[in-house]
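Everything numeric in this text was worked out from a predicted model, so none of it was measured. Proteins get letters first, then strands, A, B, ... in listed order; numbering begins at 1 in each. What's counted below: heavy atoms across the whole structure, side chains too, no hydrogens, waters or symmetry copies.
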Amino acid sequence: MSNPIEKIPADPAVPVAPPAPSDFIRDIVAAHVAEGRYPKIHTRFPPEPNGYLHIGHAKSICLNFGIAREFGGVCNLRMDDTNPTKEDIEYVESIQADVNWLLGGWAEDRLGLKHAGKAPEEKMVEGKKDFFQPPVFGTSESERQHSAIKLEPFYASDYFDQIYEFAVALIKNGKAFVCDLTPDQTDEFRRNGKPSPFRDRSVAENLDLFTRMKAGEFPDGTRVLRAKIIVDAPNIWLRDPLLYRIKTADHHQTGAKWRIYPMYDFAHCLSDYIEGITHSICTLEFEVHRPLYDWILESLDLARPLPHQYEFARLSLGYTVMSKRKLMQLVEENLVTGWDDPRMPTICGIRRRGVTAQALRNFAYNIGITKYNGITDVSVLEHTIREDLNKHAQRRLAVLRPIKVVITNYPEGKVEELNAINNPEDPISGGRKMPFARELFIERDDFQEIPPPKFFRLKPGGEVRLKYAFIIKCEEIIKDAAGNITELRCTADLDSKMGGATSARKVKGTIHWVSAAHAVDAEVRLYDRLFTVPEPDADGDFKKHLNPHSLEVITAKCEPSLKDANFEERYQFERLAYFALDKDSASKLVFNRTITLKDAWAKAAQKS
RNA sequence: UGCCCGAUGGUGUAACGGUAGCACAACAGACUCUGAAUCUGUUUGUCAUGGUUCAAAUCCAUGUCGGGCAACCA
């Protein structure tokens, strides 16, 4: 950023890569690479498909895929789908779309997938039966779409057969048992560090009962499979934790095949192992699970190197909520229009708002990776978005709250085409023409009848430049019966346009405008932050902090070239904000305000 | 309560026993046909107390504060 080299406009085909960050996890990986510990670094991003991905997941995605990218590795996308009653195929699909979008043009070649329907390979390794599910990677999203070979994410549910077999092995080892305690009793026994009365069942009885659990002989909640570790361990997760529970429920991937489902702790480490993951990176709340993660893998006499778990602090961002439960509540109670409402911190919401994948990635890199639970200031996100959009957005003129201006010395019926620059930050973006005529619209805020000090815009008897056009002077204010200003009558210095005799004349202010006759109307959705306080869920009732003005919808007057706006481009309405075309733009133009420009004047005006 | 983890300006981070640096924010100025961007400058920090050491943000001890876990969720 402070590097002057970056200011040279880059070929847009070669995006400037964010500098490779350094953090404690990357340090560990780098050390492992240096010592040649693994043939290839292999990470994974393992969301449960029970909600939409949010910006916190983006941090995790950028970490896991970033490591794969920086160390020549692979990162598997895996659905952690061990609880069928909470999950849905809708979420599986949205997760894939969001991951593809965030990875596009950056790390899509590091995305580990598998052939559709493929089960783990079963073979003998060092005399032991082993399961392995290798990734297919190195293809771009478009290659994948055009290929005859269909690829799909990994699913923990792909391994239910193997995980079941591992459970049987544990029973045979005497390291797991079937427990008939009720949930409440189990809870009480574990809390008090007391052994279950079923702890010493014979291997044969455990095997029989577990087989019958699988066959669906017992109702939900009547029996579980438990690990036999230490009943009174200081770490609760070692007090004979649950490995399997009975759930008479169909699964979105495996249908009615299973009546028992593995718990997270049992499924996750084994899924990592089966996929050959080297670095299993998760958030801090799983720190206390790590001994169990290791215990399970070490108890199974596995053939290949074991994965290891590393933890980092999840993202908390000011002025928003991040938990799936709360986001779900916003959607279900229609407090927002959906998961992709541009005010939501979901990846699809942020995307719809107009933020680019590059900006979101830059943000993830800027905030760093630590084990400290801090709250990141939204201004960091906002700055990252502005920085990206400033570089790439097409400049356009649009008037959000119009007031009519008549240039009295400009001939009626005359129209001239003036040159406008598409992006001063990017000379190769070229220019365009804007029609100028006698009747214009300017921004209502850009005129003050009684101007405050240092007001550089239009005022009675004052001069201002119309961007790309003439210097005008306000001669007369027209009001209606109620005293509202309806029109301004101005004269123009007709020699002051670009290339004209007085074009070098300096006036303090420059304002935007559109020709009244040529302007096109657009619906403009002005989004603001969803909550009014930095920590909406600090006092337990986040909904009372909802910002009642988080959305304002207006009709704007836009320069005619905006008729051709497209979904890929980003726009800066000069002096106002950045905008992106919304998907609702079918019969009319709809723009979402991504983020405002910084406004030093508004700040100064507010202070005085 | 038990166990685990953490603490560097307002915020987020770097420094791996040897000059406390970066980004955001804030403030001031320069420039400006965007009160944007850009440029220049300024303000602000090692949780506390001991110890080890020529030297401590860094190592040790104690304390304080904060977070997490204690689901047949992940």
Side-chain angles (χ1 to χ4, degrees), chain A residues 1-2 4 7 21-24 27 46-48 50 80-83 85-87 179 181-183 186-187 190-191 193 220-226 233-239 242-247 260-261 263-265 267-268 282-291 311 313-314 318 324 366-384 386-387 390-391 395 397 421 424-425 454-457 464-469 471 496-498 503-512 534 572-577 596-605:
Chain A
M1 268 140 270
S2 53
K7 275 163 218 120
S22 153
D23 55 63
F24 76 99
D27 289 347
E48 182 186 19
N50 68 345
D80 207 2
D81 56 348
T82 56
N83 186 356
T85 55
K86 287 193 173 171
E87 296 156 10
C179 178
L181 254 25
T182 66
T186 310
D187 195 46
R190 287 187 76 197
R191 208 188 298 281
D220 292 14
T222 54
R223 281 183 232 267
V224 293
L225 184 73
R226 288 231 250 164
N235 182 345
I236 309 253
W237 288 101
L238 261 19
R239 321 245 266 227
L242 275 65
L243 265 24
Y244 263 94
R245 78 287 217 190
I246 300 169
K247 254 186 204 291
I260 55 173
Y261 293 94
M263 301 288 292
Y264 162 82
D265 287 291
H268 202 91
C282 61
T283 44
L284 245 27
E285 64 268 28
F286 294 101
E287 227 166 6
V288 287
H289 294 239
R290 192 186 335 128
E311 310 88 9
R314 60 167 2 119
K324 275 184 193 169
N366 285 345
I367 56 178
I369 301 292
T370 63
K371 298 182 81 152
Y372 174 74
N373 282 302
I375 298 172
T376 298
D377 204 311
V378 264
S379 67
V380 178
L381 209 213
E382 293 173 343
H383 171 262
T384 313
R386 287 195 184 102
E387 185 184 44
N390 177 50
K391 239 178 285 182
R395 310 293 128 122
L397 264 36
I421 295 164
E425 305 282 326
K454 293 216 174 166
F455 185 78
F456 302 154
R457 307 174 186 181
V464 77
R465 174 174 290 281
L466 297 176
K467 179 93 182 175
Y468 304 125
I471 293 170
S496 63
K497 74 172 179 186
M498 204 91 69
S503 68
R505 258 182 72 204
K506 297 289 177 200
V507 288
K508 195 64 187 162
T510 301
I511 63 173
H512 58 280
Q572 184 199 90
F573 293 0
E574 289 203 48
R575 304 209 305 129
L576 299 170
T596 60
L597 255 34
K598 281 216 265 183
D599 191 348
W601 167 244
K603 198 193 270 184

Residue A:N83, side-chain atoms from C-beta onward, closest of B:C73, B:A71, B:U34:
B:C73
Collect all protein-nucleotide pairs involving nucleotides 16-19 of chain B in which both atoms are nitrogen or oxygen and the distance is under 3.5 Å.
from  : atom 1 : to    : atom 2 : distance (Å)
B:C16 : N4     : A:D27 : OD2    : 2.9

Between B:C16 and B:A20, how far apart are the P atoms? Round to whole Å, please.
13 Å
Check every strand shown and say whether A:L238 touches a base, only sugar-phosphate, or nothing at a heavy-atom separation below 4.0 Å.
nothing
Do you see a donor-acceptor pair shorter than 3.5 Å between the side chains of A:T85 and A:N83?
yes
Return the value, rounded to whole Å, for the distance between atom CG of A:N373 and atom C1' of B:G66.
9 Å
Taking atom P of B:U34 as reference, at what distance in whole Å does atom CD1 of A:I511 sit?
13 Å
Of the candidate nucleotides B:U32, B:A26, B:A71, which contains the atom at the shortest distance from the side chain of A:K508?
B:U32
A:H268 NE2 to B:C73 P: how many Å, rounded?
17 Å
Which nucleotide wins on minimum distance to the side chain of A:T186, given the candidates B:A71, B:G35, B:C72?
B:C72
Using a 4.0 Å heavy-atom cut-off across all strands, classify A:F573 as base, sugar-phosphate, or nothing.
nothing
Winner on side-chain proximity to A:R465, out of B:C33, B:C24, B:A36, is B:C33
Once you round to the nearest 0.5 Å, how far does CG of A:N366 lie from OG1 of A:T384?
4.5 Å
From CD1 (A:I421) to NZ (A:K467), nearest 0.5 Å
7.0 Å
Taking A:R190 for the side chain and A:I236 for the main chain, is one N or O donor matched with an acceptor at less than 3.5 Å?
yes
Among the candidates B:U34, B:A74, B:C33, find the nucleotide nearest to the side-chain atoms of A:P424.
B:U34
Choose from B:C72, B:U11, B:G35 the nucleotide whose nearest atom is closest to any side-chain atom of A:R190.
B:C72
Is A:Y264 stacked on the base of B:A74, meaning ring centres closer than 5.5 Å and planes within 30 degrees of each other?
no
d(A:L225 CG, A:L242 CG) to nearest 0.5 Å is 8.5 Å
Is it true that A:R290 and A:E311 have a side-chain N and a carboxylate O under 4.0 angstrom from each other?
yes
Charged N-O contact under 4.0 Å between A:E287 and A:K371
yes
Considering only nitrogen or oxygen atoms on both sides, find all protein atoms under 3.5 Å from nucleotides 3-5 of chain B and state each distance.
from : atom 1 : to     : atom 2 : distance (Å)
B:C5 : O4'    : A:E287 : OE1    : 3.4

Among B:C72, B:A37, B:G35, which is the nearest nucleotide to the side chain of A:N390?
B:A37
Short question: side chain of A:R314, backbone of A:E285 - any donor-acceptor pair under 3.5 Å?
no
Under 4.0 Å between any heavy atoms, over every strand shown, what does A:F286 touch: base, sugar-phosphate, or nothing? Just pick one.
base
By a 5.5 angstrom centroid cut-off and a 30 degree plane limit, is there stacking between A:Y372 and B:G6?
no
Looking at the side chain of A:V380, which of B:C24, B:U32, B:C27 is the nearest nucleotide?
B:C24
NZ/NE/NH1/NH2 to OD/OE distance under 4.0 Å, A:D599 and A:K603
no
Checking B:C72, B:C33, B:A25 against the side chain of A:P183 (C-beta onward), the nearest is B:C72
Do the non-hydrogen side-chain atoms of A:I511 and A:L466 ever get within less than 4.5 Å of each other?
yes
Give a yes or no on whether a donor-acceptor pair under 3.5 Å exists between the nucleobase atoms of B:U34, that is its base, and the side chain of A:Q572.
yes
Go through the N and O atoms of the side chain of A:R575 and the base of B:G35, and report whether any donor-acceptor pair is under 3.5 Å.
no
Calculate the interatomic distance between A:L576 atom CG and B:U34 atom P; express it in whole Å.
14 Å
